[in-house]
Amino acid sequence: MREKIVLIDGHSILNRAYYGVNMGMTNFEGLHTNAVYGFLNILLKIIDEEQPQYITVAFDVKAPTFRHEMYEAYKGTRKGMPEELHEQVPLTKDVLKAMGIQVAELPGYEADDILGTLSARCEKEGLDVVVVSGDRDMLQLASGRIKIRIPKTKGGTTAVEDYLEKDVMEKLGVTPSEFVDVKALMGDSSDNIPGVPGIGEKTAFALIQKYHSLEAVYADVDNVKPARAQKALAAGREMAELSQTLARIDRECPVEFSLEQARIGKLFTPEAYEIMKRLELRSLLKRFEAGCQTQNSVERTFLYLDDLEGAELAFEKAMEAERIGIQLVAEDGELLGLSLAFGEEDVYFLEASGFLTGEYLTGKARQLCLRGKDTWMLDLKEALPYLDIEETEGVYDAGVAGYLLNPLKSAYVYDDLAREYLELTVPSRTDLLGKVSFRSALQDKKESCITCFCYSAYTAMASGEILLRKLRETGMEPLFREIEMPLIYSLYHMEKEGIQVEKEALRVYGETLQVQIERLEIEIYELSGETFNINSPKQLGVILFEKLKLPYGKKTKTGYSTSADILEKLAPEQPLVAKILEYRQLTKLKSTYADGLAVYIGEDGRIHGKFNQTITATGRISSTEPNLQNIPVRMALGREIRKVFVPKEGYVFVDADYSQIELRILAHMSGDSRLIEAYHQAEDIHRMTASQVFHVPFDEVTPLQRGNAKAVNFGIVYGISAFGLSEGLSITRQEALDYIKQYFETYPGVKIFLDGLVDSGKEKGYVTTLFGRRRPVPELSSSNFMQRNFGERVAMNSPIQGTAADIMKIAMIGVDRRLRREKLRSRLILQIHDELLVEAAEDEVEQVKRILKEEMDGAAELSVPLEVDLNTGYSWFETK
DNA sequence: CTACTCACG
DNA sequence: ACGTACGTGAGTAGT
């Protein structure tokens, strides 16, 4: 049996762990611990799987490397590590030391080189080698005995990709050592390896696959095709050779290493246990405890009740508890049971049956919520129909809290929260119940149900305190208490209210569309000479670009792009193309809107869509089942559909939308005096921008200038890039660059502000809104150029979009509260990001308008006014 | 289940 | 980890 060593790329795995695990994680001292936690999880997982005899972790040391000396632009790969991650490096080393794991470092060399050297030495010693890194560069080390393992986080779970030499060849089509030469040609922004200008990934791979080495490529450079590549190669020879040296991992660096010190001894030492305790890494603590044999882990016990006396007793005790967790279990409007947690040993599931009725349980749950102490739930909005409470002090939603702490997660379910905040691994709902309904699960697997529901209530209760502490530490407690929690009730009210839709009119609209669709279908088949599925981009691509030989603009992964912007640019005069575009428009309206909306019309003639609070990265809400935030408005025909959204008898719609809220927020947040002044002066912001940027009097701005200024304004809000602007305006990159330059010269404060966002984002790892909402931007420290660029745009956009979302949420809460407190019959029914729709009683219209204006204007005090446009109408079509 | 397309702010 | 504007959700095809 061969012996085995695991070699770990310390920084790279820490980095991965940092962004993979909940970012706000700290211990009571305020030390950030998430990366250490993630790192140790990966470490232990690898040790479990590989069962190695030896292990060593390599770290970079801050010192110039030979790469810096060769190439002054070389930046190294560990730049831009956020402070919260940086401080975890020594912490990790402490843990490793306590576990008796050898750390290898060498000034002047990167961890890559140490790993390269150690893997070569160990292979020579006859060991199997496993290299663990987040970096694909390591693939050049792969051999028959050296396996590269790359952990990837996908949707919260870590999967590990394994590469032996054969896997590299299979997946990349080159050998590990050839891979170096590919990189020498194409460059690698992740390592700041320049490569040969003009040679991209495809060409680089093709060349090396043909010639097998950089040297061989150059030996035959005169015969390389295409000519463009040949020219690039000839011009970039020095660069290629330099890049080759930069890209090649040093396998003979003078690092000190002793196999004996790498031998794995007792990992779960008392010293390590102490550190785990100090870092409050509870789930890991269990494993270290076992190693110390100090204590056995406790199985959690859950109790089942279906009798009245037992329930009474449980509720009595819960009424006294300082903090409880509740999970209602309901289906189709009927309460099937509830779980209740009010202590480590007091977790119950109460099933509705016999005298223990649903009504009884909801009544008790309501009393618990109103008892004046902390009550934590998951998805409070779902429970509100049963609880029948209004905004209540002390009632909290743990999912919403979790969302604020990290809005990038895909879900905020109990098992995720338990893992992140309690460091507890518990079975998920799907693990326990599968995808069946609660009702049938309660029949067939009661035990699993009890476990599932009890964990949910327990997690809500137990994580509550921690969540609140973290919100406090991150400065988000006011955001949570004053905006997100009250908003739950406003959203619930909107969902409950719904919007009336004229079913018959919708059907007629759909039929009209259908007639036109069928006419177009025939015409399209005639023009193209055959019948095919027009809805299939694949088939359509074949017809347009192969059969009819139209020039194709762009290719997607799977074929030709047939998107509207491409088709419009390509052949606006082609009748077939025009008809296809029209067909697309009509079928979209028919399937998504005419047919799509119809299925959501309820018994009451209204659509009760859902408004989701924990979906977006920026703090916006989202709308589903159906999406009522993307009802057509831009095109005339699509806009027609708004005629079927009508107020009920005796009511009228009042629609209020913020005018240019994001640009006004930009003016405020940047503090640019000219921009602030501009918005004080003019209603027409784009015109004003054009006037100032292009140096023309306000009244002489041409429509073209205004349009350009508008696009630039959009670009600024989206996180400006010359590429994006040039696409948006169909101009060259250089022209776009000039516009941007002129804009920043006009508003220097904006430039300073946006640069500051990127800088602070890089430093902190997240950006914030005016109200303290955070968005982590892990892409900012990515070594990949494209990803980092994306991160920079996100850092510029999120504070603006997010602040607008904050302000709208404040306004919504204000409007909803006032309509109710002033005893009006009018109700808020929709929010579309910068727009609110109220179904107003006809005799209340003036009051409603006043409320909307006051609450929206007054939602934030900015250095520029917040303008609100008001419209009324007897359908949503009319309110424009 | 993913890719593409397109509706909105 | 996308050959780029930011943020969403839904329907259809095709694996």
Side-chain angles (χ1 to χ4, degrees), chain A residues 19 134 136 152-154 189-190 200-202 407 532-541 554-567 580-581 584-585 587-597 599-600 609-610 612 615-635 638-639 641-642 657-658 660-662 711-712 714-729 733 736 740 775 778-779 782-802 804-805 808 830-835:
Chain A
Y19 292 110
R136 298 182 73 82
K152 296 215 152 154
T153 34
K154 206 181 172 187
S189 49
S190 73
E201 183 177 343
K202 277 222 154 129
F532 63 100
N533 187 344
I534 311 167
N535 285 320
S536 161
K538 192 178 168 189
Q539 296 182 34
L540 181 61
K554 213 165 71 179
K555 280 204 150 193
T556 63
K557 287 180 217 182
T558 48
Y560 309 99
S561 172
T562 67
S563 64
D565 55 328
I566 297 285
L567 295 190
I580 284 165
L581 288 168
R584 282 247 180 97
Q585 203 186 49
T587 50
K588 174 81 177 179
L589 293 173
K590 176 81 162 67
S591 64
T592 305
Y593 299 103
D595 300 345
L597 288 173
V599 303
Y600 289 102
K610 289 184 177 173
N612 315 296
I615 300 292
T616 71
T618 54
R620 277 189 176 182
I621 61 174
S622 94
S623 162
T624 51
E625 299 173 60
N627 183 353
L628 293 170
Q629 292 179 322
N630 74 345
I631 304 302
V633 67
R634 293 176 190 165
M635 305 283 280
R639 193 177 216 170
I641 202 164
R642 293 187 170 222
D657 67 291
Y658 278 118
Q660 300 301 341
I661 187 170
E662 293 189 340
V712 175
F714 263 93
I716 296 288
V717 169
Y718 287 161
I720 196 77
S721 82
F723 183 91
L725 183 61
S726 68
E727 287 284 297
L729 276 176
R733 290 266 267 285
I740 294 169
R775 168 168 185 179
E779 296 88 350
S782 165
S783 46
N784 179 298
F785 175 74
M786 273 301 160
Q787 283 177 42
R788 208 166 49 241
N789 276 349
F790 173 66
E792 288 170 1
R793 293 195 295 273
V794 164
M796 294 187 264
N797 170 266
S798 296
I800 300 173
Q801 190 183 117
M808 180 51 109
L830 291 183
Q831 185 254 42
I832 310 98
H833 309 307
D834 62 357
E835 171 188 358

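This structure is a prediction, so every number in the text was calculated from the model and none was measured. A, B, ... follow the sequence lines: proteins, then strands. Residue 1 opens every chain. Keep in mind that the numbers below use all heavy atoms, side chains included, and drop hydrogens, waters and symmetry copies.
Contact of the Asn789(A) side chain with the Ser721(A) side chain is not registered, since no non-hydrogen atoms from C-beta on lie closer than 4.5 Å. Phe723(A) places none of its side-chain heavy atoms less than 4.5 Å from the side chain of Leu725(A).
If you take CG of Asp595(A) and P of dA7(B), they are 16 Å apart, rounded to a whole angstrom. Remark: C1' of dT4(C) and CD of Gln787(A) are 12 Å apart, rounded to the nearest angstrom. Atom-to-atom, CG of Asn789(A) to P of dC6(C) comes out at 10 Å; the value is rounded to the nearest Å. To the nearest angstrom, C1' of dC8(B) lies 9 Å from CD1 of Ile832(A). Spacing between atom CG of Leu567(A) and atom P of dC6(B) amounts to 7 Å, rounded to whole angstrom units. Per the geometry, CD1 belonging to Ile621(A) stands 11 Å off C1' belonging to dT8(C), to the nearest Å. Protein atom CD of Gln831(A) is 12 Å distant from nucleotide atom C1' of dT8(C), rounded to whole Å. Look at CD1 on Ile641(A): it is 11 Å from P on dC8(B), rounded to the nearest Å.
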Verdict with supporting geometry, Arg793(A) and Tyr718(A), side chain to side chain contact (heavy atoms under 4.5 Å, CB included): CA-CA 7 Å; Arg793(A) 293 195 295 273; Tyr718(A) 287 161; over 6 Å; no
Derivation of the side chain to side chain contact (heavy atoms under 4.5 Å, CB included) call for Gln629(A) and Ile621(A): CA-CA 10 Å; Gln629(A) 292 179 322; Ile621(A) 61 174; 3.9 Å; yes
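Taking the P atom of each, dA3(B) and dA1(C) are spaced 12 Å apart, rounded to whole Å. When the P atom is used for both dC2(C) and dT2(B), the distance is 14 Å, rounded to whole Å. dG3(C) and dA7(B) have their P atoms separated by 24 Å, with the value rounded to a whole Å.
In this structure, Ala795(A) reaches neither bases nor backbone, as no heavy-atom distance under 4.0 Å exists between it and the strands shown. Residue Arg775(A) is in sugar-phosphate contact alone, with no base atom involved, counting any heavy-atom pair closer than 4.0 Å across all strands shown. Within 4.0 Å of Leu589(A), counting heavy atoms only, lies no atom of the nucleic acid at all. As judged by a 4.0 angstrom heavy-atom cut-off over every strand, Gly715(A) is placed among the base-contacting residues. Backbone-only engagement by Ala564(A) is indicated by non-hydrogen atom pairs under 4.0 Å involving sugar-phosphate atoms exclusively. Across all strands, Ser726(A) comes closer than 4.0 Å to no nucleic acid atom at all (heavy-atom distances).
In this structure, the nucleotide among dT8(C), dC4(B), dA5(C) sitting nearest to the side chain of Thr556(A) is dC4(B). When distances are taken from the side chain of Asn612(A) to each of dT4(C), dG9(C), dG7(C), the shortest belongs to dG9(C). Among dG9(C), dA1(C), dG7(C), the nucleotide with an atom closest to any side-chain atom of Glu779(A) is dA1(C). The side chain of Ile720(A) approaches dA5(C) more closely than any other nucleotide in the set dC6(B), dA5(C), dG7(C). Comparing dG9(B), dC6(C), dT8(C) by their closest approach to the side chain of Ala617(A) singles out dT8(C). Checking dA7(B), dT8(C), dA5(C) against the side-chain heavy atoms of Leu725(A) singles out dA5(C) as nearest. Comparing dA5(C), dG7(C), dC4(B) against the side chain of His833(A) picks out dG7(C) as the nearest.
Contact between the side-chain N/O atoms of Arg793(A) and the OP1/OP2 oxygens of dT4(C) is not found at any separation under 4.0 Å. OP1 or OP2 of dG9(C) has at least one side-chain nitrogen or oxygen of Ser622(A) nearer than 4.0 Å. Close to dT5(B), at under 4.0 Å from its OP1 or OP2, lies a side-chain N or O of Thr562(A). Applying the 4.0 Å criterion to OP1 and OP2 of dC6(B), one finds that Arg584(A) has a side-chain N or O inside that range. Contact between the side-chain N/O atoms of Arg634(A) and the OP1/OP2 oxygens of dG9(B) is found at a separation under 4.0 Å.
At a cut-off of 3.5 angstrom, the base of dC8(B) holds no donor-acceptor pair with the side chain of Gln629(A).
Legend: residues meeting side-chain contact (heavy atoms from CB on, under 4.5 Å) with Glu779(A), ordered by chain and number and at least two apart, are Val777(A), Phe790(A). Residues satisfying the side-chain contact (heavy atoms from CB on, under 4.5 Å) test with Asp595(A), not counting sequence neighbours, are Lys590(A). Remark: Thr556(A) pairs with Thr558(A), Ser561(A) by the side-chain contact (heavy atoms from CB on, under 4.5 Å) rule, at least two apart or across chains. The side chain to side chain donor-acceptor pair (under 3.5 Å) check on Gln787(A) picks up Ser782(A), with sequence neighbours excluded.
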Per-nucleotide protein contact string for nucleotides 10-15 of chain C, where B marks a base within reach and S marks sugar-phosphate only (heavy atoms under 4.0 Å, - for neither): SSSSSS
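Put simply, OG on Ser623(A) and CG on Leu830(A) are 8.0 Å apart, with the number rounded to the nearest 0.5 Å.
No more than 12 heavy atoms of other residues, nucleotides or ligands shown are found within 6.0 angstrom of CZ on Phe714(A).
Ile631(A) and Arg642(A) get closest at one heavy-atom pair: O-NH2, 2.8 Å. Across all their heavy atoms, Ser798(A) and Thr618(A) have their closest contact at OG-CG2, 3.9 Å.
Take the nearest nucleotide of DNA chain C for Lys557(A) and for Thr616(A): the residue whose nucleotide is more 5' is Lys557(A).
Taken together, the paired segments of DNA chain C that extend over three or more consecutive Watson-Crick or G-U pairs, each closer than 3.5 Å at both contacts, are B:1-9 with C:6-14.
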